[in-house]
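Computed over heavy atoms, backbone and side chain alike; hydrogens, waters and symmetry mates excluded. Below, read A as the first sequence line, B as the second, and so on, with proteins coming before strands; counting in each chain starts at 1.
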Number of protein chains: 2
Amino acid sequence: MHLLRAYSALEERFSGALSVHGLSLKEVLLLMHLEREPSGRLTRVALAKRLNVSASTVTRMAQPLEKCCFVSRETDARDARLAFVVLTDAGKEAVTNTRATLQRLSSEVFRDRWTKEDISQLAELLGRLTAGHPGDIS
Amino acid sequence: MHLLRAYSALEERFSGALSVHGLSLKEVLLLMHLEREPSGRLTRVALAKRLNVSASTVTRMAQPLEKCCFVSRETDARDARLAFVVLTDAGKEAVTNTRATLQRLSSEVFRDRWTKEDISQLAELLGRLTAGHPGDIS
DNA sequence: TAATATTACTTGCTCTCGCAATCGTTTCGC
DNA sequence: GCGAAACGATTGCGAGAGCAAGTAATATTA
């Protein structure tokens, strides 16, 4: 049950810091999922499953990102229904910068009071909790 | 980072089950915070801080609960600005029932694959993560 | 005591998101 | 091949939540 509390507390902290980059936390996660893909692209429904949001939300989230040139749109020659969301070079750079910010923030949160073992243990337990679900991210 | 994932996965699972009681997860948390208070009542701003939401959200959340007679309104004789949210007997019963549902659900989630030590360790780590924040709940 | 600041709460506006309906496209069964 | 079912994406609508403005009451300061 502590999860709920921990989530809202951290979410507040992280989303505040991310506004520096002009991106919301959810948008960053979207870009990270794209980055994780070898092809650098995903369909909207695949993104929706990974992000645990509806397909319409992905459609709406991708629009401003497309305007910012962090993602672009690509269609499949074989299946005209598919409209891939593709990570651009500018998007990759944004992810890299944002990840650096996140890591700096994490070390602040964990500074003192936390050993490496604590952190890896927490990660392991949370990972086990979500095992079987699709959208893991490092 | 796994937190985000774990949160959304569990939130989906729990909120679905809670709809049986006609209450949302956030409403249940509100009632639990009231129950936790010896006086059984809190002002709206105090609730907002504990729930990590804005004051206006508390005002709006309390309205349907008041209609359901799970909470009532009480004013302070000394300070007419204060409008306490008070847990009624029906509200206490609702919390008790809902907690039973939640515990049953938890044991389902943790069944197999989790030892008692795992669970207490996870709780301890998450608790440490939120230490210093106001809204802890058991 | 009187004017100002602060606090608690409410309301209007806006944004975000999920659901359901829709459209275009592909695939399956015959 | 052809109609029907399934699928991916988009759009309209409603619910939920935060921000800012407004109101009423209390606290503070001159």
Using only atom types and a distance under 3.5 Å, with no angle test, would you say the side chain of B:Glu27 pairs donor to acceptor with the backbone of B:Ser24? yes

Between B:Lys26 (NZ) and D:dA15 (P), how many Å, whole number? 18 Å

Within this structure, what is the CG-to-C1' distance between A:Leu51 and C:dT16, rounded to whole angstrom? 15 Å

Has B:Arg44 got a side-chain N or O lying under 4.0 Å from the OP1 or OP2 atom of C:dT10? yes

Interatomic distance, A:Leu25 CG vs C:dT16 P [rounded to whole Å]: 15 Å

Has A:Glu124 got more than 12 heavy atoms of other residues, nucleotides or ligands less than 6.0 Å from its CD? yes

Taking the nucleotide of DNA chain C with the nearest heavy atom to each, does A:Ala80 or B:Leu42 sit closer to the 5' end? B:Leu42

Base of C:dT7, side chain of B:Arg81 - is there a donor-acceptor contact under 3.5 Å? yes

I need the CD-P distance between A:Gln63 and C:dC15, as an integer number of Å. 14 Å

Just the rounded figure in Å: distance from C1' of C:dT26 to CG of A:Asp76. 12 Å

Atom CG of B:Leu82 and atom C1' of C:dT6 are separated, to the nearest Å, by 13 Å

Base D:dC19 paired with B:Ser56 side chain (donor-acceptor, <3.5 Å): yes

Matching residue for B:Thr43 among B:Leu82, B:Asp79, B:Val58, B:Asp76 - test: side-chain contact (heavy atoms from CB on, under 4.5 Å): B:Leu82

Return no unless some side-chain N or O of B:Arg73 is found under 4.0 Å from OP1 or OP2 of C:dT10. yes

For B:Val53, which contact category applies under a 4.0 Å heavy-atom criterion: base, sugar-phosphate, or nothing? sugar-phosphate

Describe the nucleic acid contact of B:Arg60 in one word from base, sugar-phosphate, nothing, applying a heavy-atom distance below 4.0 Å. base

If I take atom CG from residue A:Leu42 and atom CZ from residue A:Arg36, how far apart are they, to the nearest 0.5 angstrom? 11.0 Å

Please report, rounded to the nearest Å, how far the P atom of D:dG8 is from the CD atom of A:Glu74. 18 Å

Would you say C:dT10 has OP1 or OP2 under 4.0 Å from some side-chain N or O of B:Thr59? yes

By nearest heavy atom, map B:Val58 and A:Ala55 onto DNA chain D; which one lands nearer the 5' end? A:Ala55

From OG1 (B:Thr98) to CD (B:Glu35), nearest 0.5 Å: 10.0 Å

Could you check how far CG of B:Asp79 sits from P of C:dT7, rounded to whole Å? 12 Å

